[in-house]
Amino acid sequence: MSARTVLVCGVGLMGHGIAQVMAQAGHVVRAYEPERSRAEAGVDRIRGNLERSVAKGRLGAGESAGILERITICGSVEEGAAGIDLAVEAVFEDEDVKRDLFARLDAAAPEAAILATNTSSISITRIAGAARPERRPRVVGMHFFSPVPVMPLIELIRGDETSDATEAQIRDIADELGKKVIVSRDRPGFIVNRILMPFLAESMRAYEEGLGTAEDIDTGARIGLNHPMGPLELADFIGLDVCLSIMKVLHEGLDQPHFAPPRVLTDLVEAGHLGQKTGRGFHSYPRDAS
Ligand code: CAA
């Protein structure tokens with residue numbers, strides 16, 4: 001494996017995990033957030049994950065220190081993109097924000113660099129359209145799953161102009177990360193969210209109509225289907241705002257009623273109850289429970 005220089009834009013829930021696994025695979029990682037304090041919070045989360053791995057005896061203290069040394073915070077997209085081999089964008093699901101970022105990355109990154117997006121539902125072709133035509137063969141979807149250090153899958157999405165060489169490089173990187181690749185066409189929600197979101201939405205509608213309690217719906221999936229998490233706790237874990245935005249993309253793009261976001265989801269998001277990250281969603285997550 002040759003060490004690459006990787007810029008990760010957005011080091012929140014997904015991005016910090018992407019930065020961690022890239023550094024664990026030996027790559028040199030730059031972390032970018034518009035606010036430095038958020039970038040520091042992302043690196044703190046990585047440090048916490050690594051400390052847990054050291055405590056469990058899965059990682060040596062020296063290895064952990066080496067991984068952290070390979071991660072630096074950069075002050076701007078332009079500074080971060082200088083000399084990179086790969087950028088992975090993991091900012092929130094807003095097409096305009098992503099397109100703006102891709103235009104800046106395209107202008108600042110070397111010609112050979114691959115620009116990947118971790119979008120969970122937005123069209124890769126439309127995001128690639130923010131870059132110059134000569135870059136578009138090197139724009140690709142590289143969709144990770146949360147928690148990134150644990151979930152061994154990457155969904156690879158080719159836009160209309162993504163090249164075979166780009167797909168081959170993403171496959172090589174996924175191999176280095178120990179992740180299995182599946183390839184999806186560039187359609188709303190790709191493969192996994194196309195399957196997952198109707199399941200989460202139907203569980204929410206069942207809850208809304210009082211079919212069962214949140215606990216019983218989740219227990220039904222955990223014990224009856226052997227899922228690691230029930231659908232309502234999984235939605236809380238992903239983030240209810242994230243689920244809502246993915247369901248909207250699916251509903252608008254595929255125009256089928258079963259993709260419509262349930263009322264209860266919209267109400268919770270409007271009330272600021274976004275799941276685990278705000279302490280309340282379909283379930284409550286007391287902040288000082290430990
Ligand atoms: N970061 C890093 N590691 C974590 C972690 C995190 N946030 N959470 C858990 N882990 C690790 C633990 O350290 C532990 O590692 P070891 O076994 O090596 O000690 C391992 O994961 C298992 O953790 P726990 O024993 O604490 O808990 P668990 O057995 O209940 O597993 C879980 C936790 C892995 C999150 C499991 O509940 C699970 O698989 N849930 C479903 C997750 C899922 O479906 N993710 C996909 C969401 S969809 C998505 O991400 C895409 C999208 O576009 C919306």
Side-chain angles (χ1 to χ4, degrees), residues 10-24 41-60 63-64 67 88-94 98 116-124 141-157 177-182 184 187-201 203-204 218-219 221-223 225-250 259 261 265 269 274-277 281 283 285 289-290:
V11 285
L13 180 67
M14 299 296 288
H16 88 275
I18 296 170
Q20 178 181 329
V21 296
M22 290 288 181
Q24 272 178 311
V43 174
D44 282 347
R45 286 170 88 163
I46 296 171
R47 188 176 295 110
N49 288 345
L50 296 175
E51 280 169 2
R52 273 204 314 279
S53 294
V54 171
K56 286 179 178 173
R58 278 190 278 111
L59 194 68
E63 281 175 283
S64 167
I67 292 164
V88 184
E89 168 275 310
V91 304
F92 57 95
E93 290 292 279
D94 180 308
K98 288 181 190 283
T117 170
N118 179 56
T119 182
S120 43
S121 57
I122 298 171
S123 161
I124 306 306
M142 191 180 190
H143 183 212
F144 291 80
F145 294 83
S146 179
V148 175
V150 180
M151 303 297 283
L153 183 73
I154 288 174
E155 203 169 22
L156 189 160
I157 307 103
L177 304 181
K179 310 256 188 226
K180 163 96 183 149
V181 170
I182 58 172
S184 171
R187 302 271 290 144
F190 316 128
I191 293 174
V192 175
N193 281 322
R194 172 83 172 258
I195 301 168
L196 174 64
M197 289 299 152
F199 169 57
L200 299 191
S203 310
M204 292 172 193
D218 280 340
T219 303
R222 260 193 276 105
I223 299 183
L225 302 173
N226 213 10
H227 288 193
M229 282 179 170
L232 302 176
E233 45 173 346
L234 180 57
D236 281 351
F237 174 71
I238 293 168
L240 300 186
D241 51 341
V242 176
C243 291
L244 179 60
S245 75
I246 298 171
M247 286 181 197
K248 282 180 176 167
V249 170
L250 281 163
F259 291 119
L265 177 64
V269 171
L274 307 182
Q276 278 192 14
K277 62 188 165 191
H283 299 277
Y285 305 88
S290 55

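All ligand and atom numbering here is 1-based and tracks the order in the structure.
Within the 4.0 Å heavy-atom criterion, the part of Pro147 lying near ligand 1 is the side chain and not the backbone. Residue-level proximity to ligand 1 for Asn193 is carried by the side chain, the only part with a heavy atom below 4.0 angstrom. Using a 4.0 Å cut-off between heavy atoms, Leu234 contacts ligand 1 through its side chain alone, with no backbone atom that close.
Closest approach of Asp218 and Glu233 over heavy atoms only: OD2-N, 3.2 Å. Minimum interatomic distance between Pro152 and Gly178 (heavy atoms only, all atoms of both residues): CB-O, 4.2 Å.
Of the listed options Gln20, His16, Met151, Met151 places a heavy atom closest to atom 43 (C) of ligand 1. For atom 3 (N) of ligand 1, the choice among Ile238, Val150, Ile246 with the nearest heavy atom turns out to be Val150. Across Arg52, Met229, Glu155, heavy-atom proximity to atom 2 (C) of ligand 1 is greatest for Arg52. For atom 12 (C) of ligand 1, the nearest non-hydrogen atom from the set Lys56, Glu233, Met14 belongs to Lys56.
Close approach to Ser120 involves these atoms of ligand 1, each under 4.0 Å from a residue heavy atom: 53 (O).
Protein heavy atom in closest approach to atom 15 (O) of ligand 1: Arg58 NH2, 3.4 Å. Ser146 O, 3.4 Å is the protein heavy atom nearest to atom 46 (C) of ligand 1. What sits closest to atom 49 (C) of ligand 1 on the protein, heavy atoms only, is Phe145 CD2, 3.6 Å. In this structure, atom 36 (C) of ligand 1 lies nearest to the protein heavy atom Pro228 CB, 4.0 Å.
Distance check on atom 51 (C) of ligand 1: some protein heavy atom falls below the 4.0 Å cut-off. Under the 4.0 angstrom criterion, atom 32 (C) of ligand 1 counts as lacking any protein heavy-atom contact. Atom 28 (P) of ligand 1 lies below 4.0 Å from none of the non-hydrogen atoms of the protein. Shown here, atom 22 (C) of ligand 1 is out of close reach of the protein: none of its heavy atoms lies under 4.0 Å off. Counting protein heavy atoms under 4.0 angstrom from atom 19 (O) of ligand 1 gives one or more.
Taking a cutoff of 4.0 Å between a charged side-chain nitrogen and a carboxylate oxygen, Asp236 and Lys277 do not qualify as a salt bridge.
Checked by atom type, the side-chain pair Glu93/Thr119 shows a donor-acceptor distance below 3.5 Å. Between the side chains of Glu155 and Ser184, no donor-acceptor pair is found at a separation under 3.5 Å. At a cut-off of 3.5 Å, with distance as the only test, a side-chain donor of Asn49 or Gln20 sits close to an acceptor on the other residue.
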- Task: Give the intermediate values and the outcome of side-chain contact (heavy atoms from CB on, under 4.5 Å) for residues Leu153 and Ile182.
- Result: CA-CA 8 Å; Leu153 183 73; Ile182 58 172; 4.0 Å; yes
- Quick one: do Met151 and Ser146 satisfy side-chain contact (heavy atoms from CB on, under 4.5 Å)? Show the steps, please. CA-CA 6 Å; Met151 303 297 283; Ser146 179; 5.8 Å; no
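In this structure a side-chain-to-backbone donor-acceptor pair under 3.5 Å is missing from Asn118 to Glu89.
Two residues are said to be in side-chain contact when any heavy atoms from C-beta on lie closer than 4.5 Å; Ile154 and Lys180 fail this criterion.
Ring pair His283/Phe237: centre-to-centre distance not below 6.0 Å.
Remark: distances from the non-hydrogen atoms of His143 to ligand 1 include one below 4.0 Å.
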